[in-house]
Amino acid sequence: LISPSHLDLLVVERRDEATEAVSFVFAHPNGGPLPSWTPGAHVDVVTAPGLVRQYSLSGLPCDRETWRITVLREASGRGGSAYLHSALHVGQSVRVSLPRNNFALVPAKRYVFVAGGIGITPLISMIDEVARGSSEWELHYAGRTRDHMAHLEDLGRYSSEVHLYPKDSYGPFPLDTIADIAAEKSDTAVFACGPGGLLDSLKASLDSRPSSTFYSERFRASEGTTGTSEPFEIRLHESGVTLDVPPTKTILEVLEDYGIPMMSSCRSGTCGTCETPVLNGIPDHRDSILTEEERASRELIIPCVSRAHSAFIELDL
Amino acid sequence: VFARHLPTPLKGRIVSNPTKSRPSERTPEWVRTLTVSEMDADTDAIFDRLRAESPLVWVPALNAWIATTWELCADIAANADDFHGGTNPMLDRLFGVPHILGAEGEVHSALRSVIDPALRPRVFKSQLEQRVRPVAAAQLGALAHKGSADLMAEYFEPVSVRCVADAFGFDSIPTDQLRRWFHTLAKASANTTDADGNFLDPRGFDEADEVRQEVRSYLTMLAVMERAEPDGEARSRLFRTGLPEGVMRDVEDLLPSLLIIFLGGLQEPGHACGTTYLALETHQEQRQQVMDDIKVLPRAIAEALRWMSPLYAGSSRIAARDLNYGGQELKEGEPIWLAYGSANHDEINFDRAAMYDLNREQRPNLAFGTGRHACPGSAFAPQVARIALEELYRLLPSVHLDPDHTPTPTGWLFRGVRELPSVWDAADS
């Protein structure tokens with residue numbers, strides 16, 4: 001699962017950044033510089049045996065001695081993030097891949113950064129880079145409450161460019177208005193990171209005002225996301241058949257298309273009618289019916305909405 | 001450092017300075033003059049406009065807020081801190097309190113633990129073929145020779161009422177009595193309050209109170225039987241779920257929430273049937289797809305419930321405190337209607353949302369709501385609909401809407417057609 005080009009690093013600092021968000025600073029066990037990286041990059045972190053999660057580097061590239069990631073504990077997840085929160089402490093070793101970048105800055109006269117919750121993490125280094133240059137920029141950053149918004153301290157050195165939208169005092173993120181702002185001037189690049197629903201909405205708003213360029217990076221909240229999805233395989237235990245689940249189809253649809261008789265009702269992850277036993281693999285639970293214990297057991301999946309964190313998942317069908 | 005960004009983070013750029021005004025003063029003129037009958041008659045156009053222009057708005061005709069986008073409806077439904085279960089003086093008077101719609105916290109959990117088990121797939125799955133299909137087949141068998149019928153009144157609703165009642169263990173109540181209870185409670189539910197808080201008709205709950213007494217007597221009889229000998233099934237679930245062995249739940253604790261089931265629950269599978277039937281009969285290619293491969297029926301039902309959600313805006317919440325939310329100032333205690341049917345047409349989530357397309361990319365919809373107050377029947381209702389429609393198309397394959405009496409969908413609170421006049425070749429049977 002892990003690329004051969006990995007490093008075993010040491011946790012040298014652990015810090016509460018916000019409600020439910022903790023940052024970890026990694027350094028080489030023998031000291032010395034780490035590989036270089038560019039703003040927007042992420043690393044793979046082995047969060048538990050066999051479980052790899054991607055985290056944006058939330059520090060600055062000019063710091064060659066350490067890397068920082070910031071991890072949100074997902075309320076309904078028992079996956080990698082919860083493991084890091086509960087089990088990773090200063091002095092421990094952690095296996096980390098070399099940085100990769102799917103969210104790199106592009107040249108523009110003006111930048112509009114949009115962050116939803118923990119989606120602020122890749123933007124810290126991008127803003128640092130842009131703020132050193134001559135381009136105009138601004139950040140629109142929403143969170144559940146101000147206490148839930150990580151890295152406000154890091155953003156404290158900027159002033160009028162930063163706009164905060166704690167939901168409890170502000171209400172929903174005004175994405176339409178942000179899209180208007182993005183469309184005000186030409187050669188504007190919009191970089192957004194957050195839950196799939198937010199990015200979908202923002203993209204829809206920007207599409208109707210076609211003067212800016214949209215770049216985004218999604219992270220997966222464990223609840224309510226209906227955003228993009230990676231392909232994976234399902235294996236059927238009884239027949240040994242393997243089926244591909246493309247990003248545009250649900251497990252339930254793939255099973256139905258193949259001719260497996262499946263009972264389903266709401267097809268929205270709320271009723272539990274299509275519940276199916278899991279024998280192998282890690283479910284990416286996106287339903288709102290299973291209990292915490294059932295999720296943690298990894299023995300059940302709601303195939304009308306849920307997917308897989310692992311490359312394949314074996315179902316008792 | 002960040003204090004200067006708060007409490008108006010946008011420095012006047014995005015949000016205009018909130019004014020200390022009555023909500024209605026910030027309501028656009030066209031919403032201010034909107035009437036309930038206009039909302040009933042022209043639902044799609046009005047809600048399309050609300051979604052685009054005023055997604056959270058105070059509607060004077062309703063004396064309430066209404067939320068119409070996906071984001072707002074999903075957020076408000078899931079947000080237990082700021083929004084409590086929706087109730088109003090009419091509901092509290094008609095059903096009694098605490099009832100399952102308005103309750104929160106432990107009381108709500110306890111009420112859900114009584115209502116939910118009967119409707120859980122793990123409980124009812126094995127019962128479907130044994131109980132639901134014979135009910136549907138018998139009801140249809142009695143109609144088949146006629147060659148025409150209002151399928152809503154003569155097939156979908158009776159099957160629905162019978163099957164939901166049976167799932168709760170009320171199999172000894174005749175179908176006609178269940179329907180009478182439903183219609184009496186429905187009539188009383190129109191007895192809302194006027195601007196001064198008085199009920200429109202002071203005697204408007206008299207008949208419903210008699211129904212309440214009948215239901216109370218029936219439950220008391222069940223309690224006596226259950227105490228003598230636990231049935232280990234539906235009746236035991238009703239009286240004993242979540243309680244220590246030997247302890248039984250009081251009839252008075254069950255009564256308000258069961259009255260809601262009798263009013264709101266018994267007909268719902270019927271409405272899921274009716275809406276799916278309407279969708280398929282008005283989209284012949286997709287009807288043919290279902291006839292060619294009956295296995296796509298669950299997809300057709302889920303899409304119908306998205307396309308024309310029967311509980312279009314019948315769910316509400318109460319602001320738990322003064323809130324600055326969605327660009328509006330909500331005051332503690334103000335009601336917010338959640339227009340799930342409108343959220344299910346939000347183009348942000350659904351391409352060509354107004355179209356019925358059982359082959360569209362599947363995404364969750366809000367037909368059953370979400371969060372702790374989500375409909376407990378979300379699993380059961382579509383299964384009743386599936387079986388009723390499987391039987392209909394199997395036994396009467398030539399069935400279709402009567403072209404001389406095509407029904408028109410109406411209603412913003414509950415949306416759908418009230419009648420489904422249909423004809424078929426009596427030789428089918």
Side-chain angles (χ1 to χ4, degrees), chain A residues 140-142 146 149 152-153 155-160 162-178 180-181 197-198 200-201 203-205 223-224 226 248-250 252-253 256 259 261-275 286-289 304-305, chain B residues 1-2 4-11 13-15 55-56 69-72 74-75 78 81-82 119-122 125 128 295-296 298-299 301-303 305-306 323-328 347-349 361-371 374-375 377-383 385-386:
Chain A
H140 299 270
Y141 177 14
R146 201 162 180 282
M149 296 170 73
L152 295 185
E153 252 181 61
L155 299 167
R157 58 201 171 99
Y158 311 115
S159 57
S160 61
V162 175
H163 308 275
L164 304 179
Y165 306 75
K167 193 169 189 172
D168 62 335
S169 56
Y170 188 80
F173 211 2
L175 296 175
D176 269 325
T177 316
I178 292 169
D180 283 336
I181 292 170
L198 183 153
D200 289 342
S201 303
K203 184 170 187 309
S205 298
E223 198 172 289
T226 57
T248 54
K249 290 224 169 192
T250 64
L252 178 65
E253 288 177 290
E256 286 174 337
M262 295 290 293
M263 197 181 284
S264 66
S265 285
C266 73
R267 302 175 79 93
S268 293
T270 57
C271 80
T273 304
C274 60
E275 176 184 282
R286 299 185 182 191
D287 62 275
S288 48
I289 180 84
C304 64
V305 290
Chain B
V1 177
F2 275 76
R4 65 177 177 275
H5 296 307
L6 293 168
T8 47
L10 297 165
K11 299 181 287 295
R13 185 171 186 184
I14 288 179
V15 69
L56 179 63
T69 60
W70 177 276
E71 185 191 12
L72 285 166
D75 191 67
D81 297 333
D82 296 336
L119 301 173
R120 247 179 222 139
R122 289 175 198 169
K125 253 184 198 179
L128 289 174
K295 290 200 300 297
V296 303
R299 218 179 274 204
I301 294 167
E303 169 65 355
L305 294 175
R306 181 204 69 80
L323 296 167
N324 187 346
Y325 183 87
Q328 299 279 20
E347 294 280 347
I348 282 172
N349 262 21
E361 185 183 331
Q362 300 232 324
R363 314 190 72 172
N365 71 66
L366 289 174
F368 297 104
T370 183
C375 173
S378 61
F380 190 63
Q383 293 307 320
R386 173 178 63 83

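Chain A is the first sequence line, chain B the second, and so forth, proteins listed ahead of strands; every chain is numbered from 1.
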Fill in the blank from the handout: Looking only at B/Glu347, B/Arg299, B/Glu361, B/Arg120, most heavy-atom pairs under 4.5 Å shared with chain A are made by B/Arg299
Practice task
For B/Pro121, check side-chain contact (heavy atoms from CB on, under 4.5 Å) against everything at least two apart and list the hits.
Solution key: A/Thr273, B/Phe124, B/Lys125, B/Ala379
Practice task
Without swapping roles, check the side chain of A/Glu253 against the backbone of A/Cys304 for a donor-acceptor pair under 3.5 Å.
Solution key: no
Problem - Interface moiety of A/Thr250 toward chain B, non-hydrogen atoms closer than 4.5 Å - result: side chain
Handout entry: Donor-acceptor contact present, side-chain A/Ser268 to main-chain A/Cys266, <3.5 Å
Key = yes
Problem - Contacting region of B/Leu305 [heavy-atom separation from chain A under 4.5 Å] - result: neither
Problem - Contacting region of B/Leu128 [heavy-atom separation from chain A under 4.5 Å] - result: side chain
Handout entry: Heavy-atom closest contact (B/Thr69 atom, B/Pro55 atom, distance)
Key = CG2-CB, 3.4 Å
Exercise for the section: Give, as side chain, backbone, both or neither, the part of A/Asp180 having an atom under 4.5 angstrom from any heavy atom of chain B. Expected result: neither
Exercise for the section: Could you tell me which portion of B/Arg122 (side chain, backbone, both or neither) has an atom closer than 4.5 angstrom to a non-hydrogen atom of chain A? Expected result: side chain
Exercise for the section: Please assess A/Leu164 against A/Tyr170 for the test side-chain contact (heavy atoms from CB on, under 4.5 Å), listing each intermediate value before the final yes or no. Expected result: CA-CA 9 Å; A/Leu164 304 179; A/Tyr170 188 80; over 6 Å; no
Exercise for the section: Evaluate the criterion side-chain contact (heavy atoms from CB on, under 4.5 Å) for residue pair B/Ile301 and A/Arg267; output intermediate values, then yes/no. Expected result: CA-CA 10 Å; B/Ile301 294 167; A/Arg267 302 175 79 93; over 6 Å; no
Problem - Heavy-atom proximity to chain A below 4.5 Å, by part of B/Asp75 - result: side chain
Problem - Contact winner vs chain B - A/Pro261, A/Ser265, A/Gly259, heavy-atom pairs under 4.5 Å - result: A/Ser265
Problem - Heavy-atom proximity to chain A below 4.5 Å, by part of B/Arg306 - result: neither
Problem - Electrostatic pair B/Arg363:A/Asp200 at N-O distance under 4.0 angstrom - result: yes
